[in-house]
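Below is one structure; the comments refer to it alone.
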Amino acid sequence: MASVLVVHRQSLQRLGLRMLLAAQPDLTVVGEATSGAEAVRMSAALGPDVVLMDSLVIDTDGVDVIRRVSRPPTPLPAAAPSRAAEHGPRVLVLTPTGHERHAYAALRAGAGGFLPQDATPEELTAAVRIVAAGDAVTTPSLTRALIDTVRHERAFGSRERVTELDALTSRERDVLTAVAAGWSNTEIATRLSISPTTVKSHVSRILAKIGARARVQAVVFAYESGLVRPAAA
């Protein structure tokens, strides 16, 4: 069962999210927070698998909230779930259309994914499960915004990123390129003629080598390092 901390400024929205998540047999809400500072305190105390956070909280308190929330607590609370014990809580951000500008900084700070605020209940619960499992959630509009940000604000092939890229094996580069193209583990396995388990192992090693916490951050790295370039670039 995945545990969730709900962070939202509006009480009615928090109640709705709690009721939706609590109705799922494999999800449980361990707490609610109304601000970034409160989210940091409660995350450290409760060690949830996922922190479901309203993007307006980030607007108010900055992406440093994400960095602090996603950091494994020290010492780890005895009641903290094992997944949070290994890597810290995963952060899933609910964002209204037009706020994608915050995505790049948030992802670099440790966010595991973004979901539109008008997502359906089914999409939201599925996203929580995906993020809890260590994967990432993005949308086409967010992906385009990320690419635009990297294109206009970051230099392709920066020395730091190229050095990190050099640490990857040829096969890991193939897998990272496929991840950046949006392929699932099953699709990557089929196209590279390897097993899904092997793909998962490659992805884990890639994340460790480049210092990323989730696949969506690996996508950003693929563009920053120059391994992958936008088609229009």
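When a residue number appears, it is its place in the shown sequence, counting from 1.
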With side chains defined as the heavy atoms from C-beta onward, is the minimum distance between Lys200 and Val203 less than 4.5 Å? no
Contact between Leu168 and Leu227 at the side-chain level, heavy atoms closer than 4.5 Å - yes or no? no
Between the CD1 atom in Ile188 and the CG atom in Asp174, the distance rounded to the nearest 0.5 Å is 10.5 Å
Mind checking the CE-CG spacing from Met1 to Asp26? Nearest 0.5 Å is all I need. 7.0 Å
Salt bridge (charged side-chain N to carboxylate O under 4.0 Å, His left out) with Arg67: which residues, sequence neighbours excluded? Asp64
Tell me every residue that passes salt bridge (charged side-chain N to carboxylate O under 4.0 Å, His left out) with Glu172, counting only those two or more places apart in sequence or in another chain. Arg205, Lys209
How close do Leu5 and Ala39 get, counting heavy atoms only, and between which atoms? CD2-O, 3.9 Å
Does any non-hydrogen side-chain atom of Gln10 lie less than 4.5 Å from one of Asp54? no
Partners of Ser201 by side-chain hydrogen bond (donor to acceptor under 3.5 Å, both in side chains), sequence neighbours excluded? none
Tell me if a side-chain donor or acceptor on Thr95 pairs with a main-chain N or O of Ser55 at a distance below 3.5 Å. no
Could you check whether any side-chain heavy atom of Leu17 comes within less than 4.5 Å of a side-chain heavy atom of Val4, counting everything from C-beta outward? no
At their closest point, which heavy atom of Ser43 faces which heavy atom of Pro48, and how far apart are they? O-CD, 3.6 Å
For the residue pair Leu124 and Leu94, establish whether any side-chain heavy-atom pair is separated by less than 4.5 Å. yes
Closest non-hydrogen atoms of Gly112 and Val131, given as atom of the first, atom of the second and distance, are O-CG2, 4.3 Å
Side-chain contact, heavy-atom cut-off 4.5 Å: Met53 with Val65? yes
Set of side-chain contact (heavy atoms from CB on, under 4.5 Å) partners for Thr120, sequence neighbours left out: Glu122, Glu123
Could you tell me which non-hydrogen atom of Ala180 sits nearest to which non-hydrogen atom of Val219, and how far apart they are? CA-CG2, 3.9 Å
Between CZ on residue Arg68 and CZ on residue Arg41, distance to nearest 0.5 Å: 9.5 Å
Return the minimal non-hydrogen interatomic distance between Ala189 and Pro196, and the atom names on each side. CB-N, 3.6 Å
What's the spacing between Leu176 CG and Leu165 CG if we round to 0.5 Å? 7.5 Å
Could you pull out all donor-acceptor pairs under 3.5 Å where a side-chain atom in residues 18-25 meets a protein atom, sequence neighbours excluded?
unit_1	atom_1	unit_2	atom_2	d
Arg18	NE	Glu32	OE2	2.4
Gln24	OE1	Arg129	NH2	3.1
Gln24	NE2	Leu20	O	3.3

Output for pair (Ile130 CD1, Arg90 CZ), nearest 0.5 Å, gives 13.0 Å
Could you check whether any side-chain heavy atom of Leu192 comes within less than 4.5 Å of a side-chain heavy atom of Val199, counting everything from C-beta outward? no
Whether the side chain of Arg14 engages the backbone of His8 through a donor-acceptor N/O pair (distance < 3.5 Å, no angle test) should be reported. yes
Does Thr198 have any side-chain hydrogen bond (donor to acceptor under 3.5 Å, both in side chains) partners at least two apart in sequence or in another chain, and if so, which? Ser195
Do Ser3 and Asp49 have side chains that get closer than 4.5 Å, going by heavy atoms? yes
Assess the residue pair Val93 and Ile66 against the criterion (side-chain contact (heavy atoms from CB on, under 4.5 Å)); give the C-alpha distance rounded to whole Å, side-chain angles, the decisive distance to 0.1 Å, and a yes or no. CA-CA 10 Å; Val93 181; Ile66 293 178; 4.3 Å; yes
